[in-house]
Q: 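Just passing along the structure, written as structure tokens.
Letters A, B, ... are given to chains in the order of the sequence lines, protein chains preceding strands, and every chain is numbered from 1. Scope of the values below: all heavy atoms of this structure, side chains included, with no hydrogens, waters or symmetry mates. The structure presented is a predicted model; accordingly, all values stated were derived computationally and were not measured.
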Protein chains: 2
Amino acid sequence: MLEIILRNPMFRGISLSDVATLFENGHYQIKHYQTNDVVGMQGEPCNHLMIVLKGEVQAQMIEHTGKLIVMAEISAPHAYAAAFIYAEQNEFPVTVVAQKESEILFVRKEIFIEMLQKNRVLLQNFLTFISNRSKFLTDKIHFLTFRTIKSKIADFLLKRRIGDNLVVMLDETQQELADMFGVARPSLARTMKEMEVEGLITSERKKITIVNLAQLKRLAM
Amino acid sequence: MLEIILRNPMFRGISLSDVATLFENGHYQIKHYQTNDVVGMQGEPCNHLMIVLKGEVQAQMIEHTGKLIVMAEISAPHAYAAAFIYAEQNEFPVTVVAQKESEILFVRKEIFIEMLQKNRVLLQNFLTFISNRSKFLTDKIHFLTFRTIKSKIADFLLKRRIGDNLVVMLDETQQELADMFGVARPSLARTMKEMEVEGLITSERKKITIVNLAQLKRLAM
DNA sequence: ATGTGTTTGTATCAATTGTTACAAAGACCG
DNA sequence: CGGTCTTTGTAACAATTGATACAAACACAT
């Protein structure tokens, strides 16, 4: 367990012995989850630091109409929902679902703040982490609010490229991408077809080839 | 200045003499701004704790197409952008504009973190503050992404009511509301007209009367 | 090889919202 | 009070996206 925690950016620069002290007996719990288990439900209390030790969880924002947006995917050794644990309205703003069999470490927020007070590096790292999450949320607002489907796709493809490669192999189904973009699956498919017709990309199921890189970059702005 | 700071929720429970120590000479700057001055530009470095001592500023998210969303309005004694100061990509995610002649207190983030380390109550309050801001941002995502214009208006009216009052006097022009909702002004006007035709509200310029409260509450969900 | 479930592709129609334009009403200032 | 600027109201048309449906292609298990 400690080796995984040491890989978490929050604990960078902290020695193994200091981490071991922070996580001495009684300071944490570990829970196991099966695929599709709900790890935390939107609206429920959110009062622990939660670190994925193994597996992968997905944060989903679900509307009562059934519409779903995938906000993030978190795997080991990363934490999720850490930005919310000290909020006055202290509840999960998302539903967190295990995508695979997972193991999660829970530290009560009262205990964690003692850790922060004791360890200056940990405090600095935690503040960096939650500031990064706030930045992430504003980027998400920008993406979900200002973007057409076409520019979402362009942005996604440019980010998914490896180096200067013009071929992008998708890991996700169209439905999964649509959930990430907050759009309807047929709309996503239609827009990709349009981009193909316009000569921006070619598309063979999960293999996307970027044809007009300059235009794609303009679209992604 | 210190009396104002003491009214900021971050400094709740901290004595005047402790606050005075925190803000001893050399630990801060105060700057003055005129109406419409840009206090912080989207993309610029964001590395100070910033507290409004006097006046009012507005956080705007501006797209290169010109579309603008008002993210927040901040008046004394509150802080703005505090959730972002420790981010790795350490820049303003919004443009902050003075709405009135304003006075702002700046504390370098390196100095502020020393304050946090020294004072447990301040640390607790700051974590609460930035967790609250993260919650606010997820609420904003929810509002901007999942909501029709009609439900945005319904939500707004219910929140703007004072007690059980069914009459809401607007402080804002339609354009200002449209900017807050991230919608076009004529669309906002059209939707309000529809709500009037449907018997949900009556509307005489800045005076809105709620007619069907139950239905409005359903719409706001 | 076959059957089943999933994914992709596509079409049609509907819904919501944006854009542009202009007139009427209202607010404000000299 | 009159003139000017701002705000509101509204209309027409356009754009984007969603919803629904169905067939073809593909992946996987037996």
Side-chain angles (χ1 to χ4, degrees), chain A residues 35-36 61-70 99 143-157 168-198 200-209 219, chain B residues 35-36 62-70 99 143-157 168-198 200-209 219-220:
Chain A
T35 304
N36 291 328
M61 198 175 263
I62 301 167
E63 176 70 356
H64 69 272
T65 59
K67 188 174 176 181
L68 170 141
I69 299 188
V70 173
Q99 298 295 101
F143 186 83
L144 293 170
T145 303
F146 282 118
R147 291 305 189 68
T148 59
I149 297 179
K150 196 172 291 188
S151 73
K152 285 176 184 178
I153 294 169
D155 185 69
F156 174 81
L157 290 177
V168 178
M169 297 305 298
L170 301 180
D171 296 324
E172 302 88 355
T173 65
Q174 286 186 349
Q175 184 60 58
E176 281 163 353
L177 283 188
D179 289 341
M180 280 166 56
F181 295 175
V183 302
R185 199 268 321 159
S187 302
L188 177 73
R190 168 174 56 208
T191 307
M192 282 178 73
K193 181 73 185 192
E194 281 168 20
M195 290 168 82
E196 190 161 5
V197 168
E198 290 166 10
L200 296 179
I201 60 173
T202 63
S203 172
E204 297 155 76
R205 291 202 147 236
K206 289 196 187 289
K207 178 178 168 187
I208 316 289
T209 306
L219 267 180
Chain B
T35 304
N36 292 329
I62 302 167
E63 177 69 357
H64 68 273
T65 59
K67 188 172 176 182
L68 169 141
I69 300 188
V70 173
Q99 298 294 103
F143 186 81
L144 293 170
T145 302
F146 283 118
R147 291 304 190 67
T148 58
I149 298 179
K150 196 172 289 187
S151 71
K152 285 175 184 179
I153 293 169
D155 185 69
F156 174 81
L157 290 177
V168 178
M169 299 303 301
L170 301 180
D171 296 326
E172 301 89 354
T173 63
Q174 286 187 348
Q175 185 60 57
E176 282 162 352
L177 283 188
D179 289 341
M180 281 165 57
F181 296 174
V183 303
R185 200 267 323 159
S187 302
L188 176 73
R190 169 175 54 207
T191 307
M192 284 178 70
K193 181 74 187 191
E194 282 168 17
M195 291 168 81
E196 190 161 5
V197 167
E198 290 165 9
L200 295 180
I201 62 172
T202 64
S203 171
E204 299 157 76
R205 289 201 150 236
K206 289 194 187 292
K207 178 178 167 186
I208 316 287
T209 307
L219 268 180

Q: Heavy atom of residues 144-156 of chain B under 4.0 Å from DNA chain D: which residues?
A: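 None - not one residue of the stretch has a heavy atom sitting under 4.0 Å from the strand.
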
Q: Could you tell me whether the side chain of B/R147 and the main chain of B/A220 form a donor-acceptor pair under 3.5 Å?
A: yes

Q: Determine whether more than 12 heavy atoms belonging to other residues, nucleotides or ligands lie under 6.0 Å from atom NZ of A/K206.
A: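 Yes, the 6.0 Å shell around NZ holds more than 12 heavy atoms from other groups.
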
Q: With no angle test and no hydrogens, is the base of D/dG18 tied to the side chain of A/R185 by a donor-acceptor pair under 3.5 Å?
A: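 A donor-acceptor contact between them is absent.
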
Q: Do A/L219 and A/L200 come close enough that some side-chain heavy atom pair is under 4.5 Å?
A: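 Yes - at least one pair of side-chain heavy atoms lies under 4.5 Å apart.
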
Q: For A/R205 and for A/A184, locate the closest nucleotide of DNA chain D by heavy-atom distance; then report the residue assigned to the nucleotide nearer the 5' terminus.
A: A/A184

Q: Starting at atom NZ of B/K207, determine the distance to atom C1' of D/dT8, rounded to an integer number of angstrom.
A: 17 Å

Q: Say you draw a straight line from CE of A/M169 to CD of A/E204; how long is it, rounded to the nearest 0.5 Å?
A: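 Interatomic distance, A/M169 CE to A/E204 CD, rounded to 0.5 Å: 9.0 Å.
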
Q: If you measure from CD1 on A/I62 to CZ on B/F146, what distance do you get to the nearest 0.5 Å?
A: 8.5 Å

Q: Nearest 0.5 Å, what's the CD-CZ distance between A/E176 and A/R185?
A: 13.0 Å

Q: Identify, residue by residue, the members of residues 187-195 of chain A with a heavy atom below 4.0 Å from DNA chain C, and return them in order of residue number, or none.
A: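 Contacting residues: A/A189, A/R190, A/K193.
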
Q: Strictly below 4.0 Å, heavy-atom distances to any atom of DNA chain D: list the hits from residues 170-179 of chain A, or just say none.
A: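 Heavy-atom cutoff 4.0 Å gives no residues at all.
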
Q: Distance from A/F181 atom CZ to A/L144 atom CG, nearest 0.5 Å?
A: 10.0 Å

Q: How many whole angstroms separate atom CZ of B/F181 from atom P of C/dT17?
A: 12 Å

Q: Could you measure the distance from the CZ atom of A/R190 to the CD1 atom of A/I149? Nearest 0.5 Å is fine.
A: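 Answer rounded to 0.5 Å: 7.0 Å.
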
Q: Can you confirm whether more than 12 heavy atoms, excluding those of B/K207, are under 6.0 Å from its NZ atom?
A: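 No, because the 6.0 Å sphere around NZ of B/K207 holds 12 heavy atoms or fewer from other groups.
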
Q: Which one of A/L157, A/V168, A/T202 satisfies the side chain to side chain contact (heavy atoms under 4.5 Å, CB included) criterion with A/T209?
A: A/T202

Q: Students often get this wrong, so: under 4.0 angstrom with heavy atoms, is A/K206 touching a base, only sugar-phosphate, or nothing?
A: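 Here A/K206 touches the backbone only, sparing every base.
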
Q: Hey, could you give me the CG/CG distance between A/L177 and A/L188, rounded to the nearest 0.5 Å?
A: 6.0 Å

